[in-house]
Amino acid sequence: MAEGDALAAGRPHPRGEQAGPGRPRDTRRHAAVLAATRDLLARGGYTALTFSDVAERAGVTRQLVHRWWPDRPALVAEALFTAPAAADWPTAYEGPLAADLRRLLSAMVDYACRPEVRAGVLGLMADAVPSAELTNLEDGLLGPLRRSLGALVDAAVARGEARDEIDVGLTLNTLRGAVLMHLIADLTPPEVIVDHLTSLTLWAFRRDPEAPPRG
């Protein structure tokens with residue numbers, strides 16, 4: 001059987017539910033598989049990742065990996081978007097707005113620059129079915145990141161540094177797309193991305209770019 005066929009050979013398994021009749025997933029082996037997936041992504045990239053290699057590195061059987069994850073996108077998504085892989089986004093912001101934006105954008109760029117994240121996201125973009133739900137993407141990454149940006153916006157509005165009609169969801173999608181495309185499409189240095197997006201977002205957030213913040 002070809003490796004591509006082997007990756008799809010396991011029967012779909014309800015994510016996050018029982019791993020077999022009456023048997024929940026073993027947390028130690030589950031964590032070992034996710035850690036092995038991240039390590040192999042960082043070392044060899046997405047296309048070289050196989051269930052056999054993941055199982056060998058994690059010290060489990062290939063059948064177990066197939067039973068817990070239906071395909072490679074599901075495995076990689078859970079490995080990238082579940083703690084401890086997920087970033088620890090800021091939850092409180094004290095200002096000024098420029099410093100807060102730089103703090104959040106630096107965290108976003110640092111996360112995207114991790115070798116396993118960069119390789120995994122590129123692979124998921126090419127391999128995942130567009131309509132498929134990626135495991136833990138919302139709960140492990142997008143939700144916490146959206147709340148972090150929301151806290152930043154709320155604090156800036158309360159200080160009078162930002163206008164109050166900012167759409168947090170659309171803004172986050174714009175920033176995510178910019179970070180990803182700069183890193184992948186034109187290989188912009190991370191510090192340049194942070195500087196550029198900080199300046200651009202600061203200009204967009206302010207009520208009047210020429211007016212000083214209220215003190």
Side-chain angles (χ1 to χ4, degrees), residues 16 31 34-35 37-39 41-42 76-122 124-125 133-209 211-215:
L34 296 182
T37 301
R38 290 190 289 269
D39 186 50
L41 281 170
V76 169
E78 186 168 350
L80 294 184
F81 307 140
T82 305
D88 187 15
W89 309 110
T91 57
Y93 295 91
E94 299 180 355
L97 178 56
D100 289 346
L101 287 169
R102 181 173 295 277
R103 181 183 173 199
L104 177 59
L105 288 165
S106 294
M108 292 176 64
V109 171
D110 287 347
Y111 175 75
C113 282
R114 294 180 187 175
E116 70 276 16
V117 172
R118 188 164 184 166
V121 168
L122 277 172
L124 288 172
M125 290 173 63
E133 180 181 350
L134 295 178
T135 307
N136 281 8
L137 176 61
E138 176 61 33
D139 293 342
L141 178 64
L142 298 184
L145 188 50
R146 192 180 301 111
R147 288 190 292 273
S148 182
L149 178 59
L152 184 156
V153 170
D154 288 345
V157 170
R159 292 193 305 267
E161 289 189 85
R163 51 194 179 85
D164 58 9
E165 67 272 18
I166 296 169
D167 188 312
V168 171
L170 286 177
T171 300
L172 177 59
N173 288 343
T174 300
L175 294 176
R176 286 171 50 220
V179 168
L180 185 63
M181 295 312 298
H182 276 302
L183 285 174
I184 293 174
D186 56 10
L187 303 179
T188 305
E191 62 275 13
V192 175
I193 300 174
V194 173
D195 287 344
H196 175 67
L197 290 181
T198 297
S199 298
L200 191 64
T201 311
L202 181 65
W203 176 85
F205 275 17
R206 283 179 170 168
R207 294 173 179 274
D208 180 353
R214 297 199 303 265

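Arg146 has a carboxylate O that lies under 4.0 Å from a charged side-chain N of Glu138, or vice versa, which qualifies the two as a salt bridge.
Distance check: Leu34 CG to Glu78 CD gives 5.0 Å after rounding to the nearest 0.5 Å. Note that CG of Leu152 and OH of Tyr93 are 5.0 Å apart. Values are rounded to the nearest 0.5 Å. To the nearest 0.5 Å, the span separating CD1 on Ile193 from OG1 on Thr198 amounts to 11.0 Å. Distance check: Leu149 CG to Leu142 CG gives 12.0 Å after rounding to the nearest 0.5 Å. To the nearest 0.5 angstrom, Leu175 atom CG is 4.5 Å from Thr201 atom OG1.
A heavy-atom distance below 4.5 Å is not found between the side chains of Thr188 and Leu183. With contacts defined as side-chain heavy-atom distances shorter than 4.5 Å, the pair Leu80/Thr37 does not qualify. Looking at Leu197 and Val179, their side chains come closer than 4.5 Å, going by heavy atoms from C-beta outward. At a threshold of 4.5 Å between non-hydrogen side-chain atoms, the residues Arg102 and Asp195 count as touching. Looking at Trp89 and Leu141, their side chains come closer than 4.5 Å, going by heavy atoms from C-beta outward. Taking 4.5 Å as the limit, some side-chain heavy atom of Pro144 sits within range of a side-chain heavy atom of Arg147. Val157 has its side chain within reach of Val153: a pair of non-hydrogen atoms, C-beta onward, lies under 4.5 Å apart.
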Passes side chain to side chain contact (heavy atoms under 4.5 Å, CB included), Leu145 versus Tyr111? Steps please. CA-CA 11 Å; Leu145 188 50; Tyr111 175 75; over 6 Å; no
Under the criterion side chain to side chain contact (heavy atoms under 4.5 Å, CB included), I'd like the reasoning laid out for Arg118 against Leu41: C-alpha separation, chi angles, the key distance, then a yes or no. CA-CA 9 Å; Arg118 188 164 184 166; Leu41 281 170; over 6 Å; no
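The backbone N or O of Met108 lies less than 3.5 Å from no partner atom in the side chain of Arg176, so there is not a single donor-acceptor pair. For the pair Arg206 (side chain) and Ala162 (backbone), a donor-acceptor distance under 3.5 Å is absent. A donor-acceptor pair under 3.5 Å links the side-chain atoms of Glu161 to the main chain of Leu97, judged by distance alone. Distance alone, capped at 3.5 Å, is enough to place a donor-acceptor pair between the Asp100 side chain and the Gly95 backbone. A donor-acceptor contact shorter than 3.5 Å links the side chain of Asp167 to the backbone of Leu170. Of the possible donor and acceptor atoms, none in the side chain of Arg114 sits under 3.5 Å from a partner among the backbone N and O of Ala119. A side-chain donor-acceptor contact under 3.5 Å links Ser148 to the backbone of Pro90.
Minimum heavy-atom separation, Pro96 to Arg159: C-NH2, 3.9 Å. Taking both residues in full, the closest heavy atoms of Val117 and Ala112 are given as CG1-CA, 4.0 Å, listed atom of the first, atom of the second, then distance.
For the pair Arg163 and Phe205, the cation-pi criterion (under 6.0 Å, within 45° of the ring axis) is not fulfilled.
Within a 6.0 Å sphere centred on CD of Glu191, heavy atoms belonging to other residues, nucleotides or ligands number more than 12.
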